[in-house]
Asks: 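Following this message is one structure expressed as structure tokens.
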Amino acid sequence: MSVSIVIDLITSVPFLVLALIPNGTVIYVPYFLRSIMIVPRLESALHYGGQYRTFNVSAYKEKLAILATAITVIIYLGVCSFEFFENRFALSVAQGISEVSGLIQPMHVLYFVMITMSTVGYGDVTPKTIPGQVLVVIMILVAIIVLPGLINDVTENFRLQNSGGGAFTNDGRPFVVICGVFNTVGKVKDIAQAFLGADSDNRTRVVLLSRFKPNAAVRLFLKSPLYRRHFTILHGSGLDTDDLERVQLRHASAAFILADAAAPDPQMEDEHNTVRAWAFDDEAPHVQLYIDNLLPGTNILQEKTTTAGVCLQDLRQTFLALSCMYRGIGTLIINLLQSTNTYADYGDPWRIAYADGRSNQFCDMRLHSFFVGLSFTELALYLYEEFQMVLFGLQIFVEARGVHHVTLNPGASYRLGSDDLLLLIAPSRHDVSDLANLTKDQFDRTFVKAQLASRLNMCQRPQPNSSESSLSSISESRFAMYVKGYPTIAGSHSSVPQCYLLRYPAASKDMFVKDASHMSGHILVCTLSFDVARFVCTLRTTSLIAKDVKPILILSPKLPTKKDLAALAVFPEVYYAQGDARNRADLETIGNVRGADKVVVLKMRRQVDAHGSDQEDFSDSSSIMVSHLVYDMFHREGIRKFLIVELGRRTNIKFLRPTVKHDVAKRTLQRGNQPRAPPAEVAALLHDPYFTPVYAGGRVISSSMVEPILFQTFHTPCTIDVFHALCGERFKTDLELDELMDIAPAGLCQIAVPALAVDRPYAFLFQILATEYGVIPIGLLRESIDPAWGNKLPFVITNPVRSLLVKRDDLVFVIASPSNLA
């Protein structure tokens, strides 16, 4: 027989029996005992309600609610019982004397119960009856035995919740689950920037499933008012079903598995994350799953369980290779895929222009019905003139395959279809909203087709045949042995773009260079590892034109292994030399750094001991030292050698020359002012890596800058495809769809300013390039060092304001096909 039945019998049966007895209705029945059932019924309600998203509380809140209810019930029972015993039995002892003044008052009873339960016992109120005294003993036992256990449950759950334990409470808002290592505030801040951006009213919540217990700094950061209602951090491996239930994975809008870039064994890290992906898919197969990997080829094992995946190493090397071909292009693409911080004071004019460009964002959008039938160039000109939005591409619906295919700048001959999606660069969310709310009447008033048609030559230039080589201008004897193909550096043709390859792999003796004194205009790669095949692959894609193909010299202290040579020997004009880039003599003699067109510091990050955080802080020291060595070699001679550096930690960008704080202090001293700490707003700007001169000029890439591409894929599913298209990387499927649609592929590249547009507004440049050359400009690299602007290096301006005057030495980022640049 359960306790509930016993209590029901005690409180209910007397009512039935006493109704049959004369004057039985005046006999007191302790109905207050039914309050004992409140606690177990509350537990049942919480457990049953936990199955529903709208009635879900964390373990800590559940224990707290039970504790508060239990204390209230115990006090209520104590007050009712003590008052009944003292008044009822005291009257019996007094032989029926019922002076009201002799009755104990309810307030006195409550006071007595509270001091008794707290084991204080002042003695000013004492039980006068035997039942009252027995009740006091019971209350003391409850206070000593029962309550401490309940309180301990609450404190333990509170401790667990603060250390990443507990469970996520879903309040009905959409949320995503991110599994990874969140041991720094910077890591968490990157995620917050990707999902919240500048919009603090974003409804999406983020649940961080940390593989290690979150430290105090991360917990404190997430408790700030800006992030408290958006973020929850829990500790778990991601493999345990209980962990996945605690984060409510089945109800998530999406899930992400992030690789630890500092993992001592990248292969093992990828293997662990692959198993996590399988566990996530097993728990919630309907939830979109995104994953990043450290090594190429891992995605082959994840294709059936993940929605999308990226390889961080491939992305970093692709960005570095692009920056070698077109200065600043890496910064341009990263800025488009990230939200930006805003500041009240940017200081120098160059930062104001740079910040204005950095605020532009990439997005996709459905076509308005009244856009259908327009040519791509007509709509691109209209959107720029009315909204200053850049239409740089489309997701064209391929009816024969039933898929959307990302195509950049299909040209004036392409007419928009009803199922196509626009790919846009927008200055702000408000512009996107304005375009989405555009009506046909507004469009008819602002779009004058006849005027646009008169300005357009419709760019009816002959489109290149897909079989033509973009390197046709280079001598046939030099490229007679080159073929188009897919290098097997990642284990699958679907994960690498089409490249120019040698018909037969080069021999090691033909690739080895004792010294590079005979070379000039080459790309010098300073590295500690020969795992740079993806970097070389991007520099040999078939989308390149002749002037972009340059010899590559890899300088490393050790010789390549047979596996390294096999991966590199298939590419044309790739050489290696044995030397240490940290040694000036090796740089000058073996690497011929003076004759190099560009210098790349790649994969010089030291392996980190998993048990030592101090070593992690210095893991980029070799890359930083080499960059300083090269900078000092040429800076003293007044030469600007283009140097690109790969770093593991974004915060280490502040150590690259020229540093921001050094320049600020120098200008302060030149004005005759005493050095003093900058205001908080300026200090925050100076510590923001995205506003440093080296990053704004496209001269550095770090791992944490690449990860947001994966997060952006959640908001815009075509992000990864757009990224590859911008890089000019055409995979096997892309080439098949291009041929099916008979559209010449285009990519992002760099051109000089036409003479006609020099010292004219950027809006004029946009119109000239779109109408006369059939290319779509999306930004500038301001090359000149101008004291009036305050810049020490060139810097990128994405989608500049229409009134910005274009200079002769500016370089223009454009979306163009090889035929447009011929």
Side-chain angles (χ1 to χ4, degrees), residues 336 362-399 403-426 431-432 435-436 438 443 446-464 466 543 716 718 721-722 725-726 728 730 734 737-749 751 763 765-779 799 812-821:
L336 285 175
F362 153 68
C363 63
D364 63 354
M365 183 179 173
R366 289 195 171 277
L367 277 176
H368 287 299
S369 59
F370 42 84
F371 288 166
V372 176
L374 294 176
S375 76
F376 176 83
T377 310
E378 283 179 328
L379 184 58
L381 280 168
Y382 170 75
L383 294 180
Y384 182 77
E385 291 181 355
E386 294 298 325
F387 300 95
Q388 203 185 331
M389 299 173 68
V390 180
L391 174 62
F392 66 93
L394 299 171
Q395 289 189 73
I396 299 176
F397 183 72
V398 185
E399 190 172 356
V403 297
H404 279 93
H405 175 49
V406 171
T407 303
L408 305 185
N409 186 15
S413 60
Y414 180 81
R415 298 285 171 176
L416 278 69
S418 58
D419 294 321
D420 294 345
L421 300 177
L422 304 178
L423 300 178
L424 301 165
I425 296 174
D431 296 292
V432 178
L435 178 58
L438 182 69
F443 174 71
T446 54
F447 180 76
V448 183
K449 188 172 183 179
Q451 292 182 0
L452 284 176
S454 64
R455 285 163 38 197
L456 283 171
N457 295 327
M458 300 308 294
C459 303
Q460 299 292 349
R461 296 188 171 206
Q463 297 295 331
S466 59
S543 63
T716 311
C718 65
D721 292 333
V722 171
L726 288 172
R730 310 305 290 171
D734 299 322
L737 293 175
D738 288 340
E739 185 176 358
L740 181 64
M741 295 184 300
D742 194 26
I743 292 180
L748 180 58
C749 57
I751 63 173
L765 172 69
F766 187 98
Q767 294 170 2
I768 288 296
L769 291 179
T771 58
E772 299 296 332
Y773 297 93
V775 302
I776 303 297
I778 66 172
N799 189 16
V812 189
F813 297 106
V814 297
I815 306 294
S817 64
S819 63
N820 298 128
L821 303 178

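What you see is a predicted model; the values in this text were computed from it and never measured.
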Asks: If we ignore hydrogens and angles and just use 3.5 Å, is the side chain of D419 paired with the main-chain N or O of I396 as donor and acceptor?
Replies: no
Asks: Which heavy atom in A770 sits nearest to a heavy atom in T377, and how many Å separate them?
Replies: O-CG2, 3.7 Å
Asks: Does a side-chain heavy-atom distance below 4.5 Å link Y382 with L374?
Replies: no
Asks: Nearest 0.5 Å, please: how far is CG in L391 from CG in L416?
Replies: 7.0 Å
Asks: Quick check: closest heavy atoms across Q395 and V406, and the distance to 0.1 Å?
Replies: CG-CG2, 4.0 Å
Asks: For a 4.5 angstrom cut-off between non-hydrogen side-chain atoms, does L394 reach Y414?
Replies: yes
Asks: Could you tell me whether a side-chain N or O of D738 sits under 3.5 Å from a main-chain N or O of P745, the two making a donor and an acceptor?
Replies: no
Asks: Judged by atom type as modelled, is there a donor-acceptor pair below 3.5 Å linking the side chain of N409 to the main-chain atoms of G774?
Replies: yes
Asks: I'd like to check L438 versus F371 (side-chain heavy atoms, cut-off strictly below 4.5 Å). Are they in contact?
Replies: yes
Asks: Quick one: CG on L737 to CG on D734, what's the gap to the nearest 0.5 Å?
Replies: 6.5 Å
Asks: Could you walk me through whether V775 and V812 satisfy the side chain to side chain contact (heavy atoms under 4.5 Å, CB included) test, starting with their C-alpha distance in whole Å, then the side-chain angles of each, then the deciding distance to 0.1 Å, before giving a yes or no?
Replies: CA-CA 11 Å; V775 302; V812 189; over 6 Å; no
Asks: About how many Å separate CG of D364 and CG of L421, when rounded to the nearest 0.5 Å?
Replies: 6.0 Å
Asks: Would you say the side chain of T716 lies within less than 4.5 Å of the side chain of V722, judging by non-hydrogen atoms?
Replies: no
Asks: Would you give the length of the straight line joining atom OG1 of T407 to atom CD1 of I815, rounded to the nearest 0.5 angstrom?
Replies: 12.0 Å
Asks: Heavy atoms, side chains only, cut-off 4.5 Å: are M389 and I425 in contact?
Replies: no
Asks: I'd like to know if the side chain of N799 and the backbone of Q388 have a donor-acceptor N/O pair within less than 3.5 Å.
Replies: yes
Asks: Say you draw a straight line from CG of D431 to CZ of F387; how long is it, rounded to the nearest 0.5 Å?
Replies: 8.0 Å
Asks: How close do V372 and S418 get, heavy atom to heavy atom, and via which atoms?
Replies: CG2-CA, 3.7 Å
Asks: Taking all non-hydrogen atoms of both residues, which atom of V432 and which atom of A426 are closest, and how far apart?
Replies: CG2-CB, 3.5 Å
Asks: Considering non-hydrogen atoms only, spot the tightest contact between F376 and G411 and give its length.
Replies: CB-O, 3.3 Å
Asks: How many angstroms lie between CZ in F766 and OG1 in T771, if you round to the nearest 0.5 Å?
Replies: 10.0 Å
Asks: So, does D721 use its side chain to make a donor-acceptor pair with the main chain of C718 at under 3.5 Å?
Replies: no
Asks: Evaluate the side-chain proximity of L435 to L424: yes if any heavy-atom separation is below 4.5 Å, no if none is.
Replies: yes
Asks: Might you point out which heavy atoms bring L367 and L379 nearest each other, and give the distance in Å?
Replies: CD2-CD2, 4.3 Å
